[in-house]
Amino acid sequence: MSEPLVLTVLPAPPLNSGAEVRDTIDDVLGIARRAEAAGLEGLFLADSLAFDPSFSPRNRFEPVSLAAAVLARTERITVVATLSSTFTHPVHVARHLTSLSHIGAGRIAANLVTSYAGEQNFGLDELPSPAQRYARAGEYLAVVDRLWHSWGEKGDDPADIDFTGEHFTVRGPLSIRPFPGPLLVGQSGASPEGIDLAARVAEFVFTSAPADHAQRRYTDALTRACATHRIDGTRPTILTGLAPILGDTAEQAREHERALAGVFSFAEQRTRIEEVLGGVDLSDVAPDDPFPRDRLPAVEHIGRRQGRAAAIHELVTQNDLTLAEVVRIGNTANGHRSVVGTADTVAAEIARIAGTGLTDGFIVLLPKHSELVDRVFEELFPRLERAGLLVPAPDADRTRSRFLRR
């Protein structure tokens, strides 16, 4: 691998309660500082604009405010804030990102999503189709970019942008002084429309790939789209979601995995799979019965999370699995790759995945139990550094540059 891996962490709202729960602002800042001290490139802040029973009751912060707090108390790490192009306005977001850039001396990045839920909170009866959401997203980013550059090359000559499109009409210029540097934009979305948008505008992408074949399918599709849209031969830096669960032994790690999964009932986990598959009803199927392939909808007809639906569709059609097995695999790490074992075996598997050349780095989804988070920082990251997979950048500028297209 010619360039260092890009490694970021995504803190999860904790499942444990009591004295050991870590969900205050000081706890999140502590994770950010630990990530910075460990030499990682980024802290990734997720978001949901709809109530999510598995996320909302334990989440205290939205990403823009949290990013400001983290940037004010760190020095090198890049903070990646998730923002919805479907349910926000580009003028607001351009202002947010400009302010955050000034607070953090350019160490902010936007993870653009089109959102797969939340329409009822914004006056819509139905979620727009993927094609509609991504058409809006493309125009949205064009507005943000024009506002970002609306004060001229030297940042002292504000001028109207007079943008008129199908979705937005914006006069401009930006109402606060721009930050003198480029805007770092990433994209999450594995539908054909999402991949096409990433190929056109993204510096980096965040994708879920629970296995090698899924990673290859995504990377190949992105590479083809980039060949269509880019003349410079580059593609976005690919960051793959990865959920490590560590134990002193492989069996102990599996016990931790089972404990995390057991927080939610089988019915709750089955419902998640039904929702990903566009609302298919599996309630009459016994857990140990074969998954009914004839109920799988065509992925292109699913309006939410097409990439996740495609992964489940592929899992079912290529394997003889029971409903319980599909539910377990589909809910593990929310569809991301899960690596379970000792610190040595997990580090070795990360090295193997990196060696395929199909990804440029990982967004490490931290476990939802405090003890397991400590293991990631104290046992896994030092092993990755000794193996040459984690290579700390010497300063903020070079840390940020690792997110740029390749």
Side-chain angles (χ1 to χ4, degrees), residues 47-50 63-64 81-98 109-152 158-176 178 182-207 221-222 224-231 235-236 278 298-307 309-310 405:
D47 196 23
S48 174
L49 292 175
V64 173
T82 297
L83 300 166
S84 171
S85 61
T86 302
F87 300 129
T88 63
H89 195 282
V91 172
H92 288 143
V93 165
R95 285 165 49 83
H96 293 328
L97 293 174
T98 299
N111 170 46
L112 190 77
V113 299
T114 62
S115 297
Y116 61 85
E119 64 272 19
Q120 295 90 349
N121 293 331
F122 296 90
L124 300 177
D125 294 328
E126 294 183 353
L127 186 71
S129 69
Q132 292 171 320
R133 300 201 306 273
Y134 280 104
R136 175 186 166 97
E139 193 172 296
Y140 182 107
L141 281 174
V143 173
V144 171
D145 183 71
R146 293 273 294 277
L147 288 170
W148 191 267
H149 295 96
S150 62
W151 285 45
D160 295 350
I161 66 170
D162 292 326
F163 184 97
T164 301
E166 180 182 353
H167 302 278
F168 302 106
T169 300
V170 178
R171 178 180 179 180
L174 192 66
S175 60
I176 56 178
L183 177 62
L184 186 57
V185 174
Q187 196 272 333
S188 294
S191 67
E193 294 87 353
I195 291 172
D196 187 78
L197 179 67
R200 287 188 283 118
V201 302
E203 294 289 344
F204 66 92
V205 293
F206 174 22
T207 187
L222 180 63
R224 289 193 299 270
C226 288
T228 299
H229 293 295
R230 302 189 181 193
I231 61 174
R235 63 157 174 77
V299 173
E300 60 270 21
H301 295 158
I302 295 175
R304 307 171 193 263
R305 306 185 78 178
Q306 276 192 0
R405 63 182 64 188

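Each residue takes its place number in the sequence, starting with 1.
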Is the number of heavy atoms from other residues, nucleotides or ligands under 6.0 Å of His89 NE2 greater than 12?
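Enclosed.
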Side chains of Arg133 and Leu127: closer than 4.5 Å at any heavy-atom pair?
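Yes, their side chains come closer than 4.5 Å.
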Using side-chain heavy atoms (C-beta onward) and a distance below 4.5 Å, is Arg136 in contact with Phe168?
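SC-SC contact between Arg136 and Phe168 confirmed.
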Run the numbers on Asp162 and Arg171 for side-chain contact (heavy atoms from CB on, under 4.5 Å), then give the verdict.
CA-CA 4 Å; Asp162 292 326; Arg171 178 180 179 180; 4.0 Å; yes
Walk me through it: do Thr86 and Phe122 pass the test side-chain contact (heavy atoms from CB on, under 4.5 Å)?
CA-CA 10 Å; Thr86 302; Phe122 296 90; over 6 Å; no
From Cys226 SG over to Ile231 CD1, what is the distance, rounded to the nearest 0.5 angstrom?
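It is 13.0 Å, given to the nearest 0.5 Å.
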If you measure from NE2 on His149 to CG on Leu174, what distance do you get to the nearest 0.5 Å?
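Rounded to the nearest 0.5 Å, the NE2-CG separation comes to 11.5 Å.
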State, to 0.1 Å, how close Ala110 and Leu83 come at their nearest heavy-atom pair, and which atoms those are.
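Shortest heavy-atom separation between Ala110 and Leu83 comes out as CB-CD1, 4.0 Å.
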Closest non-hydrogen atom pair between Pro173 and Leu147, with its separation
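Result for this residue pair: C-CD2, 4.0 Å.
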Under the criterion side chain to side chain contact (heavy atoms under 4.5 Å, CB included), which of Leu97, Thr98, Leu141 is the partner of Leu183?
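For Leu183, the side chain to side chain contact (heavy atoms under 4.5 Å, CB included) check succeeds only for Leu97.
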Pairwise salt bridge (Lys or Arg N to Asp or Glu O under 4.0 Å) hits with a residue in residues 190-202, at least two apart
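Listed once each, the pairs are Asp196-Arg200.
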Using the rule given for side-chain contact (heavy atoms from CB on, under 4.5 Å), can you reason through Thr82 versus Phe206, listing the C-alpha separation, both sets of side-chain angles and the distance that settles it, and then say yes or no?
CA-CA 11 Å; Thr82 297; Phe206 174 22; over 6 Å; no
Using side-chain contact (heavy atoms from CB on, under 4.5 Å), reason through Phe87 and Asn121 one step at a time and then give a plain yes or no.
CA-CA 9 Å; Phe87 300 129; Asn121 293 331; over 6 Å; no
Among side-chain atoms of Ser175 and Arg95, is any donor-acceptor pair under 3.5 angstrom?
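Side chains of Ser175 and Arg95: pair found under 3.5 Å.
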